[in-house]
Amino acid sequence: MKTFRRRYYDFFSNFYDKIIALHSKDKSARLRRFLLAKSGFRPGQYLLDVCTGTGAVALEAASLAKGQGCVTAVDFSHGMLSRARAKASSRGLQVHFALADVSMLPFKDEVFHVVTCSHAMYELKAKVRTKALGEFRRVLKRGGIFIMMEHSAPESPFIKFLYNLRIMTMGSWENRRFALDERGELSRFFENVRLEPTPSGRSKVVYGFKA
Ligand SMILES: C[S@@+](CC[C@H](N)C(=O)[O-])C[C@H]1O[C@@H](n2cnc3c(N)ncnc32)[C@H](O)[C@@H]1O
């Protein structure tokens, strides 16, 4: 049965790309490239993009991979995945899509070199996020990297209010705690956890390795 959340994202998929384009113009593509550059992903490797939405990171990874290796994208929203699939096929890019919840990934252990997640970790419920982090570790090879990207807390008080509101409505107070200290939680699952701001300082990547 579809949960309210899945219905919400299915509905949102109808205008997600338009909102991103309005909001960030080509910054969005630059950010996704920054995320992939930091992940160290290269042709021949296996990459999993979770909560892929309309596929921004997965498509960028597939174009970097140049047909070598494998890019897989997961989302639990059928609407989001159909958009991502249509974009991949119109650009001639090879991406494997899977409809699944991040808390239960349909993959064997130690398959991927890289797991990416852009702008979704703050939207997961705390219990789902904890299970998902365990799943990311499980499907990563030893030496693999999990890397997430999120907006940094804005400085303007009004925008900061909206930012916190979004985090709390999608999750709870617990999500705000996570947003203030992702490194603490990631350290329970990964080694060498680091945080780096993007060049604009408006977003950040947080990543950790599976030793
Ligand atoms: C804000 S969008 C981000 C999309 C994309 N990563 C990007 O950067 O544009 C969040 C995505 O997470 C997906 N999502 C949320 N909870 C999920 C879950 N439990 N399992 C799988 N996907 C989920 C939603 O369907 C949505 O596509």
Side-chain angles (χ1 to χ4, degrees), residues 1-39 41 47-62 71-88 95-107 114-136 138-139 146-152 162-163 165-172 174-175 178-179 198 202-207:
M1 199 187 68
K2 270 195 186 175
T3 59
F4 172 76
R5 257 172 203 260
R6 284 174 70 173
R7 284 178 203 278
Y8 160 81
Y9 286 115
D10 277 346
F11 176 67
F12 196 24
S13 69
N14 293 309
F15 19 80
Y16 185 75
D17 281 345
K18 289 192 184 82
I19 292 175
I20 298 289
L22 269 181
H23 171 68
S24 72
K25 303 207 172 65
D26 66 328
K27 263 189 285 159
S28 154
R30 261 187 280 141
L31 283 177
R32 268 88 185 178
R33 271 182 229 130
F34 179 82
L35 171 77
L36 287 169
K38 288 286 154 192
S39 78
F41 175 65
L47 178 142
L48 172 67
D49 183 43
V50 294
C51 299
T52 196
T54 57
V57 172
L59 269 56
E60 194 62 45
V71 175
T72 303
V74 162
D75 203 287
F76 73 174
S77 156
H78 189 265
M80 291 284 190
L81 275 189
S82 326
R83 305 251 158 196
R85 204 175 267 125
K87 280 160 68 178
V95 178
H96 301 275
F97 291 100
L99 184 73
D101 194 294
V102 277
S103 60
M104 226 168 40
L105 292 173
F107 306 111
V114 177
V115 174
T116 54
C117 183
S118 144
H119 298 104
M121 291 298 285
Y122 287 1
E123 298 191 1
L124 299 177
K125 284 187 177 168
K127 269 192 189 158
V128 173
R129 190 177 61 240
T130 306
K131 280 193 186 167
L133 285 166
E135 283 292 85
F136 303 160
R138 180 182 69 76
V139 301
F146 165 63
I147 181 160
M148 55 176 274
M149 174 177 273
E150 287 292 344
H151 296 296
S152 304
L162 295 178
Y163 166 89
L165 192 67
R166 172 193 152 233
I167 290 176
M168 287 188 293
T169 43
M170 293 308 290
S172 62
E174 214 287 323
N175 279 32
F178 175 65
T198 57
R202 293 200 181 147
S203 299
K204 58 187 167 186
V205 289
V206 191
Y207 53 96

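Being a predicted model, the structure only gives us computed values, none of them experimental. Just follow the structure's listing: the first ligand is 1, and inside any ligand the first atom is 1.
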Item checked: Nearest-neighbour protein heavy atom for atom 1 (C) of ligand 1, which is reported as residue plus atom name and distance -> His119 O, 3.2 Å

Margin query: Please classify the Arg5 to ligand 1 contact at 4.0 Å (heavy-atom distances, strictly less than): side chain, backbone, both or neither.
Written below: neither

Next item on the list: Under 4.0 Å from a heavy atom of Ala100: give me the atoms of ligand 1 that qualify, with their elements.
Entry: 20 (N), 21 (C)

Note to self: Return the closest protein heavy atom for atom 22 (N) of ligand 1 as residue, atom name and distance.
What the structure shows: Phe76 N, 3.3 Å

Check: Closest non-hydrogen protein atom to atom 13 (C) of ligand 1, residue and atom name please, with distance?
Finding: Asp75 OD2, 3.3 Å

Next item on the list: Mind telling me whether Phe11 and Phe15 have parallel, tilted or perpendicular rings, with 30° and 60° as the class edges?
Entry: perpendicular

Note to self: Below 4.0 Å from ligand 1: does a non-hydrogen atom of Asp101 turn up there or not?
What the structure shows: yes

Margin query: Among all protein heavy atoms in this structure, tell me which lies nearest to atom 7 (C) of ligand 1, with the distance rounded to 0.1 Å.
Written below: Arg32 NH2, 3.0 Å

Next item on the list: Measure the distance from atom 2 (S) of ligand 1 to every protein heavy atom, then report the residue, atom name and distance (to 0.1 Å) of the closest one.
Entry: Tyr16 OH, 3.7 Å

Note to self: Set out, in order, the CA-CA distance, both residues' side-chain angles and the distance that settles side chain to side chain contact (heavy atoms under 4.5 Å, CB included) for Met148 and Tyr122, then state yes or no.
What the structure shows: CA-CA 10 Å; Met148 55 176 274; Tyr122 287 1; 4.2 Å; yes

Check: Considering only the protein, which heavy-atom contact is closest to atom 12 (O) of ligand 1, and what is its distance?
Finding: Cys51 CB, 3.2 Å

Next item on the list: Give the residue, atom name and distance (to 0.1 Å) of the protein heavy atom nearest atom 20 (N) of ligand 1.
Entry: Val102 N, 3.0 Å

Next item on the list: Using ring-ring contact (aromatic ring centres under 6.0 Å, His included) as the criterion, list what pairs up with Phe97, not counting sequence neighbours.
Entry: none

